[in-house]
Amino acid sequence: MTLQNTGTDHRDGTDDEPNGREKITDLETAIADYVHDGSSVAFGGMGGRDPEAAAREIVRQKKTGLTVLDDARTTLLDIMVGAGCVDEYVGSWVGTSLISQGHNIRNAVENEIPHHLQMRDVSNFGSSLMFLAGAMDVPFVPTRSMLGTDIPEHNDALEIIDDPFGSGDKLTLVPAERPDVAIIHVQRCDPLGNAQIHGNVVNDHLKARAAEHTIITCEEIVSTDEIRKTPELTRIPFYTVDAVAEVPFGSHPWHCYGRYYADLPFYREYGLRSQNREDFLEWLEEWIIPHEDYLEKIGADRLETLERMEHEINAPAEVRS
Amino acid sequence: MTLQNTGTDHRDGTDDEPNGREKITDLETAIADYVHDGSSVAFGGMGGRDPEAAAREIVRQKKTGLTVLDDARTTLLDIMVGAGCVDEYVGSWVGTSLISQGHNIRNAVENEIPHHLQMRDVSNFGSSLMFLAGAMDVPFVPTRSMLGTDIPEHNDALEIIDDPFGSGDKLTLVPAERPDVAIIHVQRCDPLGNAQIHGNVVNDHLKARAAEHTIITCEEIVSTDEIRKTPELTRIPFYTVDAVAEVPFGSHPWHCYGRYYADLPFYREYGLRSQNREDFLEWLEEWIIPHEDYLEKIGADRLETLERMEHEINAPAEVRS
Amino acid sequence: MSEEIPAVDDPEHPERPGIEHKEATDSSNPLGVDRPNETAEDYTLTELLAVTAAHEIADHETAFIGVGMSLMSGVLAKYTHAPNCQLVTESGYIGSVPPGVVQSISDSVLGVDALVATDQCEIFTDNQRGAFDVGIIGAGQIDSRGNTNSTVVIGDQSYDRPKVRLPGSGGSNDIMTSCGRTVVMMRQKRRAFTTDVDYKTAPGHLEYPGHREELGFVGKGPCAVITDMAVFGFDDDGEMVLESTHPDVPVEDVRDEVQWELRVADEVTTTREPTRAEVAMLRTIDPADVVLRGTDYVYEVGFEEWSETVLEHWRQLQSIQDE
Amino acid sequence: MSEEIPAVDDPEHPERPGIEHKEATDSSNPLGVDRPNETAEDYTLTELLAVTAAHEIADHETAFIGVGMSLMSGVLAKYTHAPNCQLVTESGYIGSVPPGVVQSISDSVLGVDALVATDQCEIFTDNQRGAFDVGIIGAGQIDSRGNTNSTVVIGDQSYDRPKVRLPGSGGSNDIMTSCGRTVVMMRQKRRAFTTDVDYKTAPGHLEYPGHREELGFVGKGPCAVITDMAVFGFDDDGEMVLESTHPDVPVEDVRDEVQWELRVADEVTTTREPTRAEVAMLRTIDPADVVLRGTDYVYEVGFEEWSETVLEHWRQLQSIQDE
């Protein structure tokens, strides 16, 4: 059990920080502190607000033997699998979108390149529920999804039972998953770890709660007073969070609602260059670099254009909060 | 099953309302249409944002034999029980607060005045989970709450099982409840039934989903375009809602976050006058009147003062959204 | 919902909307195309599919949609014959009015003018409760009862090391289980229309009539399969039935691409062709042909031109919407 | 949370904070009272209880609190020795800074400056996961192992038609099950300190040592009972132990109000008295004595004076907070 205790040794007396313990760190330190070889990791977002920079940092730090516990997962998983970081994936959907096909994932599952990727499938709702059960600290949550199909046949963690209340219905029991670490990218967070999400939340509130440790990467660290203005948007409270790193454009090349649009040309280039191993390794060489260097390489003009695009369709954060 | 189908007969062709089917009605009609003798009803809020006006309208329409499926419930239940509307209560807490004691509820349970009130206790979390299970359309959701206590001893609907995953832990299974109607009071709602909640939500999002029918009473009906500006606050979506009634000061004498503070002197008077049957019946005579008349009787100055008080501590809605 | 609205478990409900030509109203021709209801002179096969799928969504329905063709069809329906339908996406947006092509399930164009921004667990909770009318999904394989596979083509190998790893269920299992009715969009290939799917990802009409009801499903399962050759419905036994073929496609050609003995409607019609208004609207939604023709040209032009093109399209669709 | 922070299941953790006098800092004397750390010359018994309960909350802790005395103690802690504690209430607010007395669990003063406004299911989900450090609850009856009854006094009657119907569990069952540790506040009456509660609403140390662990509870159960006569802790067996009596209360008087053979600490101390700073702050939080003295006078004065009084108090506390 680690989702607990904002408190510390109660006897050590007063603390001068007016707002409690601060958790600010940098991306490199956060990954080094919480993601270890063999860790299980859940990532936030879903083809939008994904913690892409954090995943690239995991690759840069050459973590191995990871299990990714997740829902639907796109680019960042494909990169990590191609780079040899991941041994197992538990989730609902892998691939990418219209213009890229998860080449590394297929290559790992079908051809064991760079090594075999073990898959354990659930449905999307099953994925939400495995985190819900983890967040609730109960062994399982029941659902009607996945009944009558082969998903439970190939995922031994799922159980099918008869409704103990005697309705005659069958139910799928989805067991709790508790990732060692959840990594969630959000628009804003305060130094205590109160993370606010604009727009859709996907399963991020549940992943942060289910995980033993949570790293928040955010576009912007704001003051705790700023958080207090819209408490309804704090979907991840401080007591579930261990580290907060300000990582602007941390979802590039994906979207960050209200902040910037997806860089689809960059993404397409990844899709093309991940089609064969040699090109992919060159892509890694080129783009697995510290996030500051990455952004510089992308270029300020390009980033600004992506911001302008998003602001054209969705009101920017400063207007919304 | 009724929580479905915003659609209707698909074959009847186009509809000129640009935003879909409107559900606006008045309070009297909403109660008459959805609350029947013998109905099970869940109320929103919890000593704040309670649908007090709707409950008084139920009393005014002399509904009987109701089952109240709920979490913690205060004044409105005490009034309804005293007026003889309620046969059974399933929930976590009855009473009131500091200055009133749920006299009618005690009188009904202990002395069968005006008639016996059957109680079925759960804990607060149990109450959340019975609505969660109803909202999810599963027979139950498991919890660790209530184990080792007498709550399951006296509530036959709860089951204790051994964890089927073999942890050796025991679990309480909380069965789904599906009220015939949920009545939720919110700050704002559009004509389609997209209900936005400022501040805390209690179990309202779950009650609306679990119920067969949902009535929204709101301080203010706003346009659908207004709702689109802060989609994160729409905790109850249109497809769970059947009727929308604009009922300003619909939570009086309780608080409505961001709108008005609780009228505690009014509330205290209720506490005093509900201590004996004769005084209570006089109170009913005086205050069970159409909501417009009720507000007039309270007085515009007094209502304005309550608004001013709330705005002193919590930013008003027009600032927040 | 009020009494007069049919429920999901009302046998009437899962019937698909008719696609007869209707008098065009302003809302079904927002671009102001001349002779909007006439059959388009030129349209692509993909445009035909998008229009056919769009007509599976009736006005006022909630439509649970994914990326690509599925969403394209939903957006088209909303901009044409079903202005009051509401789009639902599994990442947490409800009721949005996307100003263009969607690249991912959390694409921020799905946030545009959304009525609700929530989480995935709540969306699927509502789905399981039966809140949504129609879903549109894709699949890699399908059998005669509409059971689909989007997980693995095993071939003579294994689930763990399959011949082809497909993306997985995503929401398709949950939608087929619980959504009022489900439309499946697929390529018509003999190897995909199989007597036995390699892996049952999403439940069609399962093994026998009544099987879904036995399991307590609130959704009625697959109601239609739309391919590049034909449109199929399902009969009371839960068996797929050829209903229409696309223009110039003989029934025999469809049979050749199905492994089982295909049931065929007494009167196989020709799939209704897109109208001028529909094709014009589709090209406005996806002017760069990303979904409709699967071309990448908009990405090949370089970042600057790409961003300008996309911005221009958004503005165009938003101005339609504002009118 | 990071490794060096003790976990709930760390045997060290559920230990209660010490209540030794500490050097007053600015934050513990925001009113600028003279000689803030000296024992208050005049204080009521209720003020003593509120201060004693407040000291069960340490700085930086999350405190799960209800209305009345429980919240009063939480607010006092936050305004004095524990400025970084965060208050959690079951209706959905976390981290608020209430500017005064709270009348109900959804009182909008609980929304003031909240860090999180969410729903009850999420609050109790987090509670069950072990997120909260300390809870403060009330009860009608308690036994020697801290099992409490707040549901029914059955007497010689039945659950259905009891002698006295109490309010019910509220969150007290959930808090005692899962909160890091729980403080119970009660009146010291022989009929309430009973060998066998009429109905077990919230789980104390249950029937025997290790019983809670067997059931898999993450919370450590009751750690203290604060009454109008004394303060009790629990020993390793889970049995209640008298730790201190309030000034001028003999141990024998406490024994008389307990039905079982009370265990008594080797050295029973006198409950620490409130300081001048603490009493001044309490009177600022509740100047109308609504909680502290249970008087209704502020409501008797008529609506206008009531509203002006309340507004004045809010402004006073907010000005303290702004400093």
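Proteins come first, then strands; the chains are lettered A, B, ... in the order of their sequence lines, and each starts at number 1.
In this structure, D:Trp314 has its ring center closer than 6.0 angstrom to the ring center of B:Tyr261.
B:Gln118 touches chain D through its side chain: at least one heavy atom from C-beta onward sits under 4.5 Å away, while N, CA, C and O do not. If you measure heavy-atom distances from D:Ala114 to chain B, you find no contacts under 4.5 Å at all. In this structure, the portion of B:Ala262 lying under 4.5 Å from any heavy atom of chain D is its backbone and not its side chain. Using a 4.5 Å cut-off between heavy atoms, D:Val116 does not touch chain B at all. For a residue to count as touching a neighbouring chain, one of its non-hydrogen atoms must lie under 4.5 Å from one of that chain's; by this rule D:Pro99 touches chain B with the side chain only. Contact annotation for D:Glu207: neither backbone nor side-chain heavy atoms come within less than 4.5 Å of a heavy atom of chain B. For a residue to count as touching a neighbouring chain, one of its non-hydrogen atoms must lie under 4.5 Å from one of that chain's; by this rule D:Leu215 touches chain B with backbone and side chain alike. Interface remark: B:Asp163 contributes no atoms to any contact with chain D (heavy atom separation under 4.5 Å).
When D:Leu110, D:Leu166, D:Thr118 are compared by the number of non-hydrogen pairs under 4.5 Å with chain B, D:Thr118 comes out ahead. Chain B forms more heavy-atom pairs under 4.5 Å with one residue of D:Gly216, D:Ser91, D:Pro167 than with any other, namely D:Pro167. Counting heavy-atom pairs under 4.5 Å between each of B:Ser92, B:Ser167, B:Ala72 and chain D puts B:Ser92 at the top. Heavy-atom pairs under 4.5 Å with chain B were tallied for D:Asn147, D:Thr177, D:Val197, D:Thr89; the largest tally goes to D:Thr177. If you tally non-hydrogen atom pairs under 4.5 Å between each of B:Gly91, B:Gly168, B:Gly48, B:Gly45 and chain D, the highest count goes to B:Gly48. The greatest number of non-hydrogen atom pairs below 4.5 Å with chain B, out of D:Gly204, D:Gly100, D:Ala117, is found for D:Ala117. Between chain D and the options B:Thr143, B:Leu129, B:Asp50, B:Leu132, heavy-atom pairs under 4.5 Å are most frequent for B:Thr143. Note: D:Lys200 leads D:Lys200, D:Lys163, D:Met176 in heavy-atom pairs under 4.5 Å with chain B. Taking chain B as the reference chain and counting heavy-atom pairs below 4.5 Å, the highest number among D:Glu214, D:Gln157, D:Arg315 is found for D:Arg315. Chain D forms the most heavy-atom pairs under 4.5 Å with one residue out of B:Asp301, B:Leu117, B:Val109, and that residue is B:Val109.
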TODO: Run the numbers on D:Gln120 and B:Asp71 for side chain to side chain donor-acceptor pair (under 3.5 Å), then give the verdict.
DONE: CA-CA 10 Å; D:Gln120 181 168 95; B:Asp71 34 48; 5.5 Å; no

Open item on the list: As a quick check of understanding, evaluate salt bridge (charged side-chain N to carboxylate O under 4.0 Å, His left out) for D:Arg161 and B:Glu112, giving each step before the final call.
Closed with: CA-CA 9 Å; D:Arg161 202 173 171 318; B:Glu112 310 194 341; 3.1 Å; yes

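No donor-acceptor contact under 3.5 angstrom links the side chains of B:Asp121 and D:Thr151, judged on distance only.
A pairwise comparison of heavy atoms in D:Asp174 and B:Ser145 identifies OD1-OG, 2.6 Å as the closest pair. A pairwise comparison of heavy atoms in B:Met119 and D:Arg165 identifies CE-CZ, 3.5 Å as the closest pair. In terms of heavy atoms, D:Cys121 sits closest to B:Leu206 at CB-CD1, 3.8 Å.
Just one of D:Val109, D:Val310, D:Asp113, D:Leu311 meets the side-chain contact (heavy atoms from CB on, under 4.5 Å) condition when paired with B:Ile313; it is D:Val109. Of the residues listed (B:Glu310, B:His198, B:His255), the one engaging D:Ser108 in a side chain to side chain donor-acceptor pair (under 3.5 Å) is B:Glu310, and it is the only one. With respect to D:Phe303, the side-chain contact (heavy atoms from CB on, under 4.5 Å) criterion is satisfied by exactly one of B:Asp263, B:Leu264, B:Ile298: B:Asp263.
Distance check: D:Ile123 CD1 to B:Phe125 CZ gives 11.0 Å after rounding to the nearest 0.5 Å. The distance from atom CG of B:Asn200 to atom CD of D:Glu122, rounded to the nearest 0.5 Å, is 12.5 Å.
Considering only residues two or more places apart in sequence or on other chains, D:Thr182 meets the side chain to side chain donor-acceptor pair (under 3.5 Å) condition with none of them.
Under the 4.0 Å criterion applied to side-chain N and carboxylate O atoms, D:Asp119 and B:Arg235 are assigned as salt-bridge partners.
Within the 4.5 Å cutoff, the side chain of B:Met309 has heavy atoms near those of the D:Trp306 side chain.
Scanning residues 146-157 of chain B against chain D with a 4.5 Å non-hydrogen threshold yields B:Met146, B:Leu147, B:Gly148, B:Thr149, B:Asp150, B:Ile151, B:His154, sorted by number.
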